[in-house]
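What follows is a single structure, written as structure tokens, with notes after it.
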Amino acid sequence: MNQLPTQTDAWGIVDSFQNASGEWMPTPAESRRAVLAAMGEDPDDPRPPPPSPVRVVRQGEALDLGDTGELSLEGGGVRRINGRLPDDVPLGYHDFRPDRGDRAVRVIVTPAACRLPSSPRIWGWATQLYAVRSARSWGIGDLGDLRRLARWSARELGAGMLLVNPLHAALPIVPQQSSPYYPSSRRYRNPLYLRVEDVPGAETIGPDLERLAVAGRALNARRRIDRDRVFSLKLGALEMLWRRVGADERDERLERYRREQGGALREYAVFCVLAEHHRAGWRVWPEEHRRPDAPAVARFADAHADRVRFHEWLQWLFDEQLARASELLPVMQDLPIGVDPAGADAWAWQDVLATDVAVGAPPDRYIKDGQDWGLPPFVPHRLRAAAYEPFVQTIRATLRNAGALRIDHVMGLFRLFWVPWGRRPVDGVYVRYPADDLLGIVALESARANAFVVGEDLGTVEEGVREQLADRCILSYRLLWFEPEPPARYPRLALSAVTTHDLPTIAGLWSGADVRHQREIGLSPNEGGLAEMRDRLRRFTGVANDAPASVVIEKAHRVLASAPSIIVSATLDDALATEERPNMPGTMNEWPNWSLALPAPLEELEQAALPRAVAAALRIRDSAPERQPCVPDNSGRDSAAP
């Protein structure tokens with residue numbers, strides 16, 4: 001099909017796009033007006049975006065700053081600049097102040113590419129942490145369970161990484177948000193995942209805490225996770241610990257964490273206390289509390305200082321427990337495409353977000369009406385005007401205490417499909433982003449965290465996107481369910497797997513249970529597409545049509561092991577022959593999305609035969625080093641590397 005040229009205006013709005021059928025769709029005029037209004041512009045007379053106050057450059061590349069002046073380095077020191085940026089400026093976030101004028105320019109010097117895993121090939125589990133429960137869990141998998149899973153996977157099975165669902169914070173109220181891809185904040189984490197017994201001083205509490213623990217562990221008898229009940233029990237226990245031991249602020253580790261996080265942590269904690277007070281997200285709060293810089297917010301924070309410190313303490317506890325869980329194995333953190341419009345990040349960055357539109361997807365062969373995900377996008381020129389600071393904070397926070405990063409819907413770094421509120425996805429508009437700048441920031445934070453990066457590039461991918469990702473050493477995704485070629489032909493610069501949380505498990509597809517589940521809840525499954533997946537599975541594995549699911553699962557991973565990809569992964573759902581998928585797209589309450597625990601506890605998982613067979617299948621890969629498909633600049637000089 002012919003690629004027609006598209007035009008992008010000064011605000012990033014694209015005049016047309018190619019749909020899943022190959023047809024060119026013009027941007028509706030009324031939708032363009034709605035998008036401009038959501039950006040804060042007058043649709044009849046939009047103002048041109050101001051000049052960008054930020055320049056992003058790969059280390060060693062030429063950059064003409066257009067003037068003489070002084071460059072203040074992030075790590076300290078000042079360099080005299082005579083128009084051109086010297087080649088030896090270290091990696092980091094620097095500030096250039098020209099001799100003429102008083103407007104500083106943020107200069108971000110990045111490495112050429114992201115880090116890659118230290119081993120030429122690794123394998124690992126992909127799992128939903130909430131689903132990985134042990135006998136010590138309080139109805140939900142926690143960071144203690146993650147630590148145990150990492151220890152078993154690394155020491156006994158030879159795994160090289162663990163991929164977990166997003167662990168980001170939800171609104172601190174009930175009902176608790178079940179979707180990990182609809183976070184209140186992408187900078188801070190969800191206390192539901194704390195192991196209460198591992199909180200400093202927990203051993204001194206005694207019977208009161210034990211009563212809560214007994215009630216929490218009793219929730220493990222139910223397969224469906226009751227987040228509201230878990231929230232109530234854990235919050236009660238943590239409040240008890242705070243009153244007795246946590247309020248002693250002499251712990252230097254806590255104080256160091258507060259200093260490192262600075263105003264962002266306090267702002268987040270104040271939001272949490274306000275959300276508790278109003279029992280809702282910020283969009284329905286009284287006007288005096290709707291902006292973080294409002295005088296009434298400062299007065300509220302002072303009046304509730306102890307509760308603000310409590311929420312800061314919760315984040316420190318999470319930071320400490322996640323660090324311990326990540327000691328033995330890189331834990332790949334998952335970055336959602338956006339945030340809850342009523343949540344903490346949207347409150348803090350409301351001037352940088354378009355809060356009257358939502359990110360979504362145009363109609364395609366699988367979802368004919370398109371999708372509206374309800375997540376507000378960054379306004380491109382406002383993000384640049386903020387020197388990309390919200391994006392920097394988001395990437396840095398998600399990489400904290402992690403060895404790797406998965407960027408959900410990585411195509412969103414290039415363009416996002418904006419759906420104006422009150423309109424259908426078919427009326428949506430594509431808006432472009434400064435992808436090269438954003439990829440450079442990802443590479444810089446990857447280098448600082450010594451972490452590798454995977455971009456989830458499934459679905460409709462624009463021409464040239466995968467090439468740009470490969471140039472930055474961001475690993476692609478390859479799935480057995482989607483690829484017509486056998487795994488032996490997958491690219492090396494990839495994470496390869498059989499399935500993901502949104503797609504059928506092997507047992508669900510093989511047995512027909514996935515189709516049955518969809519029919520039972522009133523969906524119209526794409527039976528032709530699912531039959532094609534099953535036929536591909538049968539051909540690649542060579543199994544008979546009546547083969548047991550356990551045999552198919554093991555053989556599927558032996559086939560997957562032939563992929564030359566740097567990473568291969570298996571889900572714990574498949575390792576336990578689970579028939580239910582974690583999430584059923586297109587449903588709300590019809591399916592227990594993000595709320596099903598694994599069918600066996602962690603203790604049984606460690607002893608079961610099938611997980612060990614899957615691990616053995618993935619370990620058999622030839623690990624001889626091969627020529628790297630790209631060579632990241634891992635030796636760049638960084639002025640502020642930890």
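For Thr398 against Thr394, the heavy-atom pair with the smallest separation is OG1-O, 2.9 Å. Closest heavy-atom contact between Thr587 and Asn593: OG1-ND2, 2.9 Å. Of all heavy-atom pairs spanning Gly141 and Tyr193, the tightest one is O-CD2, 3.3 Å. For Met39 against Ile13, the heavy-atom pair with the smallest separation is CE-CG1, 4.3 Å. Scanning all heavy atoms of the two residues, the minimum distance from Pro191 to Lys234 falls at O-CD, 4.3 Å. The shortest heavy-atom contact between Pro172 and Cys272 is CG-O, 3.7 Å.
Considering CG of Leu416 and NE2 of His409, their distance stands at 6.0 Å, rounded to 0.5 Å. With rounding to the nearest 0.5 angstrom, the OG atom of Ser185 is 10.5 Å from the CG atom of Leu171. To the nearest 0.5 Å, atoms CD1 (Ile441) and CD1 (Ile395) are separated by 8.5 Å. One distance of note links CG of Leu143 with CG of Leu192; it measures 11.0 Å at 0.5 Å rounding. Distance CG/Leu335 to OH/Tyr181: 10.0 Å, rounded to 0.5 Å. Taken from CG in Leu167 to CG in Asn190, the straight-line distance is 8.5 Å, to the nearest 0.5 Å.
A salt bridge links Glu255 with Arg258: the distance from a Lys NZ or Arg NE/NH1/NH2 to an Asp or Glu carboxylate oxygen falls below 4.0 Å. Salt-bridge annotation for Arg136 and Asp142: absent, with no side-chain N of the basic residue lying under 4.0 Å from a carboxylate O of the acidic one. Asp42 has no carboxylate O lying under 4.0 Å from a charged side-chain N of Arg47, or vice versa, which leaves the two without a salt bridge.
With hydrogens and angles disregarded, a donor-acceptor distance shorter than 3.5 Å links the side chain of Ser184 to the backbone of Ala344. In terms of modelled atom types and a separation under 3.5 Å, the side chain of Asp228 and the main chain of Gln176 share a donor-acceptor contact. In this structure, Asp302 contributes its side chain and Arg299 its backbone to no donor-acceptor pair below 3.5 Å. Within the 3.5 Å criterion, the main-chain N or O of Arg290 finds a donor-acceptor partner in the side chain of Gln350. Checked by atom type and distance alone, the side chain of Trp138 never pairs as donor or acceptor with a backbone atom of Leu212 at under 3.5 Å. Looking only at distances, no side-chain donor or acceptor of Ser595 sits under 3.5 Å from a matching main-chain atom of Arg224. In this structure a side-chain-to-backbone donor-acceptor pair under 3.5 Å is missing from Thr127 to Leu129. Although no hydrogens or angles enter the test, the distance criterion places a donor-acceptor pair under 3.5 Å between the side chain of Arg133 and the main chain of Asn220. Side-chain N or O atoms of Ser326 include none that pairs as donor or acceptor with a backbone N or O of Val331 at under 3.5 Å.
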Item checked: Full working for side-chain contact (heavy atoms from CB on, under 4.5 Å) between Arg400 and Arg189 -> CA-CA 11 Å; Arg400 187 177 174 93; Arg189 312 296 176 88; 4.3 Å; yes

Check: side-chain contact (heavy atoms from CB on, under 4.5 Å) between Arg223 and Leu596: does it pass, once the steps are laid out?
Finding: CA-CA 6 Å; Arg223 176 92 187 275; Leu596 284 178; 3.9 Å; yes

Check: Do Arg227 and Ser178 pass the side chain to side chain donor-acceptor pair (under 3.5 Å) test, and can you show the C-alpha distance, the side-chain angles, and the key distance before you say yes or no?
Finding: CA-CA 7 Å; Arg227 282 181 172 81; Ser178 59; 5.0 Å; no

Next item on the list: Check step by step if side chain to side chain donor-acceptor pair (under 3.5 Å) holds for Asp573 and Thr505.
Entry: CA-CA 7 Å; Asp573 302 275; Thr505 65; over 6 Å; no

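In terms of the salt bridge (charged side-chain N to carboxylate O under 4.0 Å, His left out) criterion, residue partners of Asp9 (sequence neighbours excluded) are, by chain and number, Arg32. By the side-chain hydrogen bond (donor to acceptor under 3.5 Å, both in side chains) test, Tyr388 pairs with Asp437, sequence neighbours left out.
Counting only residues at least two apart or on different chains, the salt bridge (Lys or Arg N to Asp or Glu O under 4.0 Å) pairs with a member in residues 172-188 are Arg187-Glu267, Arg187-Asp345. Here salt bridge (Lys or Arg N to Asp or Glu O under 4.0 Å) pairs that include residues 585-596, with residues two or more places apart or in two chains, number zero. Applying the salt bridge (Lys or Arg N to Asp or Glu O under 4.0 Å) test to every pair with at least one member in residues 273-282, sequence neighbours left out, gives these pairs: Glu276-Arg307. Judged as a side chain to side chain donor-acceptor pair (under 3.5 Å), the pairs with a partner in residues 413-431 (not counting sequence neighbours) are, in order, Trp418-Tyr433.
The ring-ring contact (aromatic ring centres under 6.0 Å, His included) test with Phe271 is passed by exactly one of Trp285, Tyr188, Trp282, Phe300: Trp285. Checking each of His501, Arg406, His168 against Asp334 for a side chain to side chain donor-acceptor pair (under 3.5 Å) leaves exactly one that passes, namely Arg406.
Other residues, nucleotides and ligands contribute at most 12 non-hydrogen atoms within 6.0 Å of the CG atom of Asn589.
Using a 30° and 60° split on the angle between ring planes, Phe417 and Phe17 fall in the perpendicular class, above 60°.
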